[in-house]
Amino acid sequence: MLRTRARTTLAGGLLVALGALTACAGGADEPDGTTSPTPEPTEQTTETSEPEGTGTAGPLDWQPTGHTVEDRVLRGAGWTAVATETQVTFEPVGDGEPVVVPAVEGRTVDAVLLEGDRAVVSFSAGNATPTGAAVRVDLVASTPTEIVSPEPANGGSWAMHDDSLWYPTLGEGGAYCLATLAVSDGNGEDGWCAPARTGFSNLTADEHGVGLMTFDDARPVACRTVHVLDQTGRPQPVEGPAECTAWDVAPSSTGVVWSEVPREQRQEVARFSASVDGAVESLGRGTTGTLVPCGGDAFFVRDPARRTDPARLMRWDGAALSVAYESESTGNAFLGEPECADGILTVSSFGESGDEQVWAEVG
């Protein structure tokens with residue numbers, strides 16, 4: 001899913017969803033999620049017990065996208081999505097004509113999801129309205145079709161795997177609910193609804209399942225819980241995270257990967273963990289909002305802890321942790337949120353030694 005060109009505001013998912021709740025039903029207030037930018041690394045920030053990644057999966061075969069880091073790009077097997085605020089252009093990897101999807105009038109491009117020859121684009125109107133807008137796109141026929149039922153909520157978190165789409169919708173009384181839809185034919189249905197004055201965000205989906213984070217309107221910090229959807233489509237809490245501290249979540253081949261925020265004053269810094277057939281494996285420090293499942297594995301970003309460290313993309317294959325990518329820059333360097341389509345990762349790297357945007361097949 002493609003959402004932003006680089007690292008998003010740290011509490012962005014919560015603020016968008018809470019904004020929808022507040023606008024439509026006088027629901028949850030915004031949590032105390034504002035944080036200062038990550039300071040430049042110093043030698044004192046080193047964590048001696050940090051897993052460095054020694055798995056055998058190793059780095060991926062990274063290739064340039066052909067675009068600059070100023071472009072919002074999502075590489076798939078047959079198409080590359082390039083998004084601006086006003087349109088998304090799907091460029092064929094081989095021969096063929098591009099497919100252009102303009103934004104709905106009065107709205108800007110928000111989420112872009114791509115699987116095979118199908119895509120979904122959602123459009124945001126800020127806080128102007130609780131209702132959203134989105135289209136599903138047949139890239140072979142070059143035809144976008146509006147998603148009308150269930151009607152999307154404005155903004156929020158979206159996820160797609162194969163032909164299945166999960167996204168927020170508004171239920172009875174303005175409840176914040178999880179809709180599902182078959183992208184090929186547009187057949188959708190309402191699902192689970194969050195309890196009053198709560199919401200959900202951080203949706204992830206792949207062949208191992210669907211994960212999401214729920215939150216309430218507690219002050220000064222929202223209580224956050226990560227879940228995996230069961231066979232009935234209802235969230236089931238993940239065992240392992242400390243109460244109210246979780247952030248990211250993604251089902252894996254051997255269990256679940258999640259993150260927890262140890263210091264609420266630094267919500268960009270998390271500790272990642274994974275369950276392995278009931279046992280818990282520490283994956284070390286990482287950055288909230290960067291966990292993405294792709295090609296059967298799970299990936300997350302680790303910012304530099306020292307001036308000599310690069311920014312790293314960490315890979316969990318269900319059994320071991322490894323480094324999938326390292327930035328050329330060290331110290332003052334960071335990676336944008338990784339994106340996945342068709343088992344292909346796209347990542348942008350920023351730093352003093354130069355920026356680059358690359359893609360690689362995971363499988």
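Between V347 and W359 the shortest side-chain heavy-atom distance does not fall below 4.5 Å. Annotation: side chain of L181 is not in contact with side chain of N187 (no heavy-atom distance under 4.5 Å). When side chains are defined from C-beta on, E337 does not count as touching V292, because their heavy atoms never get closer than 4.5 Å. You'll find the side chain of L178 reaches within 4.5 Å of the side chain of L229, heavy atoms only. S273 has its side chain out of reach of V257: every pair of non-hydrogen atoms, C-beta onward, lies at least 4.5 Å apart. When side chains are defined from C-beta on, L74 does not count as touching V82, because their heavy atoms never get closer than 4.5 Å. With contacts defined as side-chain heavy-atom distances shorter than 4.5 Å, the pair L283/E281 qualifies. Residues V135 and V101 meet the side-chain proximity criterion, which asks for heavy atoms closer than 4.5 Å.
Using modelled atom types, one finds no donor on one side chain facing an acceptor on the other under 3.5 Å when comparing D110 with S124. Neither side chain, E85 nor T108, offers a donor N or O lying under 3.5 Å from an acceptor on the other. A donor and an acceptor atom, one from each side chain of T129 and T131, are located under 3.5 Å apart.
The neighbour count for E189 CD, taken as heavy atoms of other residues, nucleotides or ligands under 6.0 Å away, does not exceed 12.
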As a quick check of understanding, evaluate salt bridge (charged side-chain N to carboxylate O under 4.0 Å, His left out) for E105 and R107, giving each step before the final call. CA-CA 6 Å; E105 185 176 357; R107 297 175 181 267; over 6 Å; no

Should W158 and Y167 be marked as a ring pair (Phe, Tyr, Trp, His ring centres under 6.0 Å) after you check the CA-CA gap, both sets of side-chain angles, and the distance that decides it? CA-CA 5 Å; W158 293 58; Y167 62 96; 4.7 Å; yes

Determine, stepwise, if the pair E326 / R312 fulfils salt bridge (charged side-chain N to carboxylate O under 4.0 Å, His left out). CA-CA 5 Å; E326 289 187 346; R312 295 185 171 100; 2.9 Å; yes

Audit row: W316, F300, ring pair (Phe, Tyr, Trp, His ring centres under 6.0 Å) steps and yes/no: CA-CA 9 Å; W316 173 252; F300 64 91; 9.4 Å; no

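Note on D138 versus R118: no salt bridge recorded, every NZ/NE/NH1/NH2 to OD/OE distance being 4.0 Å or above.
No donor-acceptor distance shorter than 3.5 angstrom exists from the side chain of S164 to the backbone of A182, with no hydrogens or angles considered.
Across all non-hydrogen atoms, the minimal contact from S327 to A333 is OG-CB, 3.9 Å.
Taking the six-membered ring wherever Trp is involved, the centroid distance between the rings of F272 and W258 does not fall below 6.0 Å.
With F200 as the fixed residue, the ring-ring contact (aromatic ring centres under 6.0 Å, His included) test singles out one of W166, W192, F215: W192.
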